[in-house]
Amino acid sequence: MEDAIRQLVADASRHQNDPEPFLALHTDDTTLVNFGGRRVVGKEALEQAMKAALATPLANVVTSVEVADIRFVRPDVAIVGVLKRISDERDGANDPLHATEGWLTYVLVQNDGNWQITSAQTTPIL
């Protein structure tokens with residue numbers, strides 16, 4: 001079970017700039033709070049926010065992740081703590097990032113044997 005969760009986290013990281021496979025990893029009612037504090041509710045809103053961000057220099061802000069811990073609330077619900085490292089590759093960014101690391105907390109649910117992201121919250125480490 002933990003291997004599947006680690007794979008989901010890796011897939012989400014790998015597809016951070018590719019909306020279709022990234023969105024497939026989320027439930028329809030997913031909620032995401034990004035590094036800057038913006039809250040997005042629902043897969044459709046997440047798709048719009050993601051496409052808008054990828055059309056800007058934010059597409060050049062990339063992250064890597066490392067799973068720190070996995071806790072099972074129930075056999076089909078897991079809370080995953082992830083250390084997220086941010087690399088700002090934007091040319092001449094006027095709004096530099098205030099932190100280069102953050103804690104990403106995922107709430108995952110298992111539907112029909114597949115793990116999906118139902119909530120994601122990133123908190124900068126200052």
Mind checking the [atom1]-[atom2] spacing from [X] to [Y]? Nearest 0.5 Å is all I need.
{"X": "L25", "Y": "E20", "atom1": "CG", "atom2": "CD", "answer": "11.0 Å"}
{"X": "I117", "Y": "Y106", "atom1": "CD1", "atom2": "OH", "answer": "4.0 Å"}
{"X": "Q121", "Y": "T123", "atom1": "CD", "atom2": "OG1", "answer": "4.5 Å"}
{"X": "I79", "Y": "I5", "atom1": "CD1", "atom2": "CD1", "answer": "11.0 Å"}
{"X": "R38", "Y": "T122", "atom1": "CZ", "atom2": "OG1", "answer": "14.0 Å"}
{"X": "L46", "Y": "D29", "atom1": "CG", "atom2": "CG", "answer": "12.0 Å"}

Path from [X] to [Y] over hydrophobic side-chain contacts below 4.5 Å:
{"X": "V41", "Y": "L23", "answer": "no"}
{"X": "V109", "Y": "L8", "answer": "no"}
{"X": "M1", "Y": "V77", "answer": "no"}
{"X": "L32", "Y": "L104", "answer": "no"}
{"X": "F35", "Y": "V65", "answer": "no"}

Any side-chain heavy-atom pair of V9 and V80 under 4.5 Å: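 A side-chain contact exists here, since the closest heavy-atom pair is under 4.5 Å.
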
Counting distance only, does the side-chain N/O of [X] pair as donor-acceptor with the main-chain N or O of [Y] below 3.5 Å?
{"X": "N34", "Y": "G37", "value": "yes"}
{"X": "Q48", "Y": "A45", "value": "no"}
{"X": "K43", "Y": "H26", "value": "yes"}
{"X": "T56", "Y": "A53", "value": "yes"}

Closest approach of [X] to [Y] (non-hydrogen atoms, all atoms of both residues):
{"X": "E101", "Y": "R85", "result": "OE2-NE, 3.3 Å"}
{"X": "R14", "Y": "Q7", "result": "NH1-NE2, 4.1 Å"}
{"X": "S13", "Y": "T63", "result": "OG-O, 3.7 Å"}
{"X": "A68", "Y": "W103", "result": "CB-CZ3, 3.7 Å"}
{"X": "P21", "Y": "D18", "result": "CD-O, 3.2 Å"}
{"X": "Q110", "Y": "W115", "result": "NE2-NE1, 3.4 Å"}

Stepwise side chain to side chain donor-acceptor pair (under 3.5 Å) check, T27 with T118: CA-CA 5 Å; T27 61; T118 193; 3.3 Å; yes

Those residues that, when tested against D76, pass salt bridge (charged side-chain N to carboxylate O under 4.0 Å, His left out) (two or more places apart):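 Applying salt bridge (charged side-chain N to carboxylate O under 4.0 Å, His left out) to D76 gives R74.
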
E47 with K51: basic N within carboxylate O range, under 4.0 Å: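 Counted as a salt bridge, because a side-chain N and a carboxylate O are separated by less than 4.0 Å.
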
Charged N-O contact under 4.0 Å between D3 and R6: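 No salt bridge links D3 with R6.
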
side-chain contact (heavy atoms from CB on, under 4.5 Å) assessment of F22 paired with N17: CA-CA 8 Å; F22 182 80; N17 289 341; over 6 Å; no

